[in-house]
Structure formats: structure tokens, C-alpha cells
Amino acid sequence: MTALTVLAAETPSLVQAVDWLAIAPVVITAAVGLIVLVADLFVPERAKPALGWISVAGLAAATATLLPLRAGDRSTFCLTTDPAACSYVADHFTLVIQFLVLAGALVTALLSVTAVRDARMPAGEYWFLLLSSAAGAALLPASRDLATLIVALEVASLPAFALVGMRRGDRLSSEAALKFFLSSVTATAVSLMGVSFVYAATGSLHLTQVADRLEDVPGQLDTLAMAGVALTLVGFAFKTAAVPFHFWVPDTYVGAPLPIAGYLSVIGKAVGFTGLILVTVIAFPAYSEIWGPALAVLAALTMTLGNAAALRQSADRPNSAVRLLAWSSVGQAGYLLVPIAAAAYADRDQIGATVAYALMYAVVNLGAFAVAALVARTKPLNRISDYRGLYAERPAAALSLAFFLLCLAGLPPGIIGLFAKVTVFRSAVDAGLAWLAVIMAVNVVIALYYYLRWTALLFRAPEAVEGTEAAEGTAARTKAPWPVTAAIAVTAVTAVVLSGAPQLVLRVASGSLFPQ
């Protein structure tokens with residue numbers, strides 16, 4: 001008995017307390033998703049719209065729980081043998097990304113309330129999938145071991161495949177979902193192989209322990225570790241839509257319901273960049289000579305190809321507006337990659353520029369998709385030419401879209417877009433990547449053309465329309481759903497406030513997001 005007592009005293013306890021407040025944003029989002037799914041079985045058809053408002057309320061509550069965590073000093077699910085190695089960390093990086101994800105999902109939910117009803121999509125399944133994906137996206141920035149990271153990536157991604165194909169009987173929707181699914185599964189399989197290689201070389205999955213052990217990998221395992229690092233990055237590069245993993249983007253955005261296209265362009269991209277930041281800056285700094293140059297080249301290729309493809313969009317082609325936003329998001333992904341690549345040559349605080357830029361991009365890109373969703377109610381072909389004379393028809397929507405496009409272009413009065421681009425540009429220069437800064441500057445100039453062309457179209461005289469058709473259009477214009485209007489108003493006001501006080505976002509780029 002004495003020997004057993006001594007052994008029990010020497011053996012570290014595997015039982016630990018769970019910090020429920022730290023994980024509250026993820027738990028609330030997931031729990032509301034389950035509640036909606038179960039409630040869908042019992043709620044009569046006429047009351048199904050209430051499921052959407054329950055989802056909106058759940059996302060708002062999850063976002064509000066970030067306030068008590070703002071100190072950024074919480075962690076849970078830590079090893080008893082190494083308290084510094086935790087699976088869930090609520091630091092400042094986590095909180096900023098979770099705010100981006102949950103607030104973006106909230107705007108998506110507002111846009112979806114009307115879309116689900118009009119397209120007659122199954123409400124329970126739709127809201128469950130959206131909330132599940134948002135829960136996975138919120139979990140990912142807090143993940144600090146490779147297993148949790150991959151699980152969070154898949155929880156965020158798998159529901160998105162179904163959401164893309166949610167429009168029943170739509171060939172484009174089914175084709176987009178299949179293409180998205182097959183390419184994503186392939187990328188995930190490659191990443192899982194990379195994770196297994198890293199584990200074989202280091203004997204750990206926790207990012208901090210992986211970083212320490214990669215500093216001194218035995219010679220016979222060095223090649224295995226390098227291969228693991230390279231392969232692990234593939235899955236996250238796919239989510240960011242970095243070239244050459246971008247081919248799914250245009251067709252997926254066109255086939256998906258517009259709120260989901262906006263969701264993928266912002267939250268889906270945030271998932272990829274968050275994963276890239278965590279594995280490169282925290283887990284793999286010892287191999288920065290591998291991922292640094294690779295990400296710099298990917299950034300140059302991504303911004304160049306994305307902007308070149310956006311230039312080629314014909315204004316009269318069906319779905320050209322969505323395709324332009326899709327290719328624009330590819331070009332913007334190139335800018336977002338620049339500070340991550342710069343972190344390989346300078347200190348890891350460079351990634352603050354990526355986070356600051358992502359916050360700006362999330363607001364204005366979701367706003368652009370919100371206006372597109374409004375215009376598509378009366379002009380379902382989603383052509384750029386459909387926006388001609390929008391100012392005469394819907395002045396507030398036209399001014400909002402113009403402001404969003406100017407922010408994306410980085411032109412006044414879109415000051416926040418300009419400052420965010422300067423911050424990213426400065427990170428490249430500070431890291432000694434002058435060649436990448438030059439390529440970025442050229443691409444910014446190229447992008448001005450298609451952003452300004454679309455902006456100018458908003459204020460041109462509308463085309464003449466037949467009398468009956470004009471009357472029908474006027475009647476339809478009076479029926480703008482207030483949730484869509486609210487989504488446009490929220491994003492527009494936020495963009496204007498950020499342009500008036502850019503320090504609200506840019507302070508993220510100047511401070512350290514990770515504990516020192």
C-alpha cells in the first residue's frame with residue numbers, strides 16, 4: 001500500500017480543469033448548431049425562418065464572449081508534464097482571428113436569412129452546416145498542436161462543401177461542390193502525410209515542442225523533416241487560394257449561393273492564413289530557409305495571376321461580377337502572403353501586417369458580396385454590366401459598393417485599404433524582399449483598372465428599359481430585405497469608421513500577437 005501511495009504521488013495526474021470561458025466562443029457556436037439541427041425536426045415549416053434568427057443570435061453571443069478574454073492570457077488542454085505545451089491557447093492572435101471569423105459568419109448569416117427562404121434551401125441543414133463550419137474556423141487559431149489544427153481545418157471545410165452544393169437542381173452548384181471537395185480532400189491528404197513525417201522526425205505534435213525539436217533533428221531524419229514541413233503547408237496554401245492551388249476558386253464562387261461565396265472569400269481564406277501562420281511562425285521557424293522563399297514566390301505568382309485574370313473578365317458575361325470578386329480574392333491572397341514570407345527573414349511580429357490586412361479585407365469584401373446579393377435579387381445573371389446606373393436606382397448601395405471597391409484598390413477615400421497595403425509593403429521592404437515589394441506595387445497599379453472600371457460603371461446613366469420591365473424593376477427595388485440592407489449598412493459603416501480611424505486595425509500590425 002505504501003509503495004502504491006508513493007507511485008501515485010510521483011505519477012503526474014492526467015486529470016485537469018477545463019477553462020470553459022476560454023473555449024466558450026467555439027462551444028457556443030457548435031452548441032447552437034446542434035440546437036438548430038434538432039429543432040428543425042420539430043419546428044413546422046412556417047416557423048423555419050426562426051432557425052435563422054436563432055443562428056444569428058448564437059453567433060452574436062459567441063462573438064460577445066471574446067470580450068472577457070481580451071487579456072489574451074488563457075490556455076487549456078495542456079500537458080501535465082509540460083504546462084507550456086497546450087492544445088488550446090486564447091492569446092491575442094487567437095482572439096483577433098476569432099473575432100474576424102465569428103463577425104464574418106454573423107454577416108453571412110444576415111445575408112443568408114433571405115437567401116435560404118428565397119432559394120428554398122433546407123433551413124435546418126443550412127444553418128447547422130454554417131455554424132459547424134464557423135465553429136471549426138474559430139477553433140483553428142486557438143489550436144496549438146498539429147492534430148487539433150488538422151481537425152479544425154476539416155471541421156471548417158467539410159460543411160463548406162455541402163453549403164456550396166446546397167442549391168438543389170443547380171448544375172453549377174453541384175459541379176462547384178464536387179470540384180471543391182475533390183481538390184480539398186487531395187490537399188488535406190498531402191498535409192496529413194506531412195504531419196506524419198513531422199511527428200516521425202520530432203516525436204511530438206505540439207507546435208512549441210515541434211519547434212524546439214526541429215532545431216536539432218538527427219542527420220538521418222533531416223530530409224524527412226524537410227519533406228514534412230513542405231507537405232504540411234500544402235493544405236493551408238490550398239485554403240488561401242494561393243497559386244497553383246487556386247483553380248477551384250472561380251467555379252466554386254459562381255456555383256455557391258452568394259452568401260456562401262462571400263463566406264469562403266473571407267472566413268475560408270482566414271482559415272488558410274491562420275494555419276499557415278501557426279505552422280510556419282510557431283512550429284517550423286527552424287526551416288524558415290525552406291518556407292520563406294517558397295511563400296515569397298507563391299505570393300508573387302498569386303497576386304500576379306489573380307489580378308491578370310480579373311482584368312480579363314467581360315462585363316457582359318454571366319456571373320462576371322462574382323468571377324471578378326473571385327479572381328480579386330486570389331490577388332488579395334498574394335498580398336496577404338507577403339508578411340508571412342517576410343517573417344522568415346525578419347522577426348515573427350511581421351505577421352501582424354497579414355492580420356491587419358485580413359481585417360480590412362474581411363469587412364470590405366463581405367460588404368461587396370452583400371451588395372452583389374442585393375443586386376442579384378432583380379438581376380440574377382450577376383453581370384458587371386448589371387451594375388450600370390446603380391446609383392440612380394439604389395444610391396446607398398452604389399455608394400457602399402464604390403467605397404468597398406476603393407478600399408480594395410487602396411485609393412482615397414478608402415484610407416484603410418491604402419494604409420493596409422502600405423503596412424504589407426513595408427513588411428516586405430523591412431525583410432529585404434525588395435523584389436517582392438516591386439511586384440506588389442506593379443500589381444496594385446494593375447488592380448486599379450478593374451476596380452475603378454466597376455466603380456465608374458455604378459455612376460453612369462442607366463440603360464433605357466422597356467416601360468413594363470421598368471415598372472416591374474421599380475416594384476422589385478422596393479422589396480429590399482432588411483437583413484441584406486443591415487449587412488450592407490454594418491459593413492459600410494465599419495469600413496468608413498476604419499478609414500477615419502485606421503489605428504483601430506493597424507495597431508495589430510505594430511504589436512506582438514503571440515506571447516514572448
Side-chain angles (χ1 to χ4, degrees), residues 93 96-105 107-108 130 133-134 136-141 149 152-157 159-161 163-164 180 183-184 187-188 233-253 256 258-280 295 298-299 301-303 305-307 309-310 322 324-341 351 353-369 404 407-408 417 420 424 491 505:
F93 174 79
V96 171
I97 300 298
Q98 284 184 336
F99 175 76
L100 187 159
V101 166
L102 295 173
V107 173
T108 303
L130 179 62
S133 179
L139 172 61
L140 195 139
L149 207 57
L153 178 67
E154 288 311 293
V155 172
S157 302
F161 306 147
L163 287 169
V164 169
F180 186 24
S183 52
S184 182
T188 301
L233 299 180
V234 169
F236 299 107
F238 170 86
K239 296 299 178 188
T240 62
V243 174
F245 311 106
H246 68 287
F247 51 86
W248 58 275
V249 173
D251 291 341
T252 298
Y253 284 22
L258 272 175
I260 299 305
Y263 177 85
L264 290 176
S265 75
V266 172
I267 286 78
K269 199 172 262 58
V271 165
F273 281 104
T274 301
L276 268 182
I277 289 169
L278 291 176
V279 295
T280 54
L295 290 182
L298 282 182
L301 290 175
T302 302
M303 65 178 76
L305 190 142
N307 287 319
V322 179
L324 189 145
L325 287 174
W327 284 114
S328 163
S329 76
V330 174
Q332 298 287 341
Y335 306 146
L336 286 160
L337 281 170
V338 171
I340 306 177
I351 58 95
T354 286
V355 178
Y357 196 96
L359 288 169
M360 179 281 300
Y361 169 78
V363 172
V364 298
N365 215 58
L366 275 174
F369 271 100
F404 297 142
C407 285
L408 289 170
V424 170
T491 50
V505 164

Look up atom [atom1] in [X] and atom [atom2] in [Y], then write down how far apart they are to the nearest 0.5 Å.
X    : Y    : atom1 : atom2 : answer
L233 : F238 : CG    : CZ    : 15.5 Å
K269 : L336 : NZ    : CG    : 8.0 Å
I267 : L140 : CD1   : CG    : 13.0 Å

Which atom pair, heavy atoms only, marks the closest approach of [X] to [Y]?
X    : Y    : value
L153 : S157 : O-OG, 2.7 Å
K239 : S184 : NZ-OG, 2.9 Å
P141 : L278 : O-CD1, 3.9 Å
P159 : E154 : CD-O, 4.0 Å
V271 : A156 : CG2-CB, 4.2 Å
A256 : A261 : CB-N, 4.2 Å

- prompt: How about P339 and I351: do any of their side-chain heavy atoms sit closer than 4.5 Å?
  reply: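 Side chain of P339 against side chain of I351, heavy atoms only: no contact under 4.5 Å found.
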query: Does any non-hydrogen side-chain atom of L149 lie less than 4.5 Å from one of V279?
result: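 The answer is yes; the side chains approach within 4.5 Å.
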field: Pair T280-L295, side chain to side chain contact (heavy atoms under 4.5 Å, CB included): steps then yes or no
entry: CA-CA 10 Å; T280 54; L295 290 182; 4.2 Å; yes
In a table with atom names and distances, give each donor-acceptor pair under 3.5 Å that connects a side chain of residues 96-104 to protein atoms at least two apart or in another chain.
{"from": "Q98", "atom 1": "NE2", "to": "Y88", "atom 2": "OH", "distance (Å)": "3.2"}
{"from": "Q98", "atom 1": "NE2", "to": "A138", "atom 2": "O", "distance (Å)": "2.8"}

- prompt: What class does the angle between the rings of F180 and W248 fall in, given that below 30° is parallel, 30 to 60° is tilted and above 60° is perpendicular?
  reply: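 Parallel: the ring planes of F180 and W248 meet at under 30°.
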Name the atoms and distances for all side-chain donor-acceptor pairs under 3.5 Å in residues 358-369, with sequence neighbours left out.
{"from": "Y361", "atom 1": "OH", "to": "S265", "atom 2": "O", "distance (Å)": "3.2"}
{"from": "Y361", "atom 1": "OH", "to": "N365", "atom 2": "ND2", "distance (Å)": "3.2"}
{"from": "N365", "atom 1": "ND2", "to": "S265", "atom 2": "OG", "distance (Å)": "2.9"}

- request: Show your working on side chain to side chain contact (heavy atoms under 4.5 Å, CB included) between L337 and F273 and close with a plain yes or no.
  value: CA-CA 8 Å; L337 281 170; F273 281 104; 3.7 Å; yes
For the pair [X] (side chain) and [Y] (backbone), establish whether a donor and an acceptor sit closer than 3.5 Å, ignoring hydrogens and angles.
X    : Y    : result
S329 : A326 : yes
S133 : L130 : no
Y263 : A134 : yes

message: With side chain to side chain contact (heavy atoms under 4.5 Å, CB included) as the test, pick out the partner of T302 among N307, V243, V338.
response: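 Single pass found, and it is V243.
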task: Would you check, one step at a time, whether the test side chain to side chain contact (heavy atoms under 4.5 Å, CB included) holds for F93 with T274?
output: CA-CA 9 Å; F93 174 79; T274 301; 3.8 Å; yes
Derivation and outcome, side chain to side chain contact (heavy atoms under 4.5 Å, CB included), residues V266 and V107: CA-CA 11 Å; V266 172; V107 173; over 6 Å; no
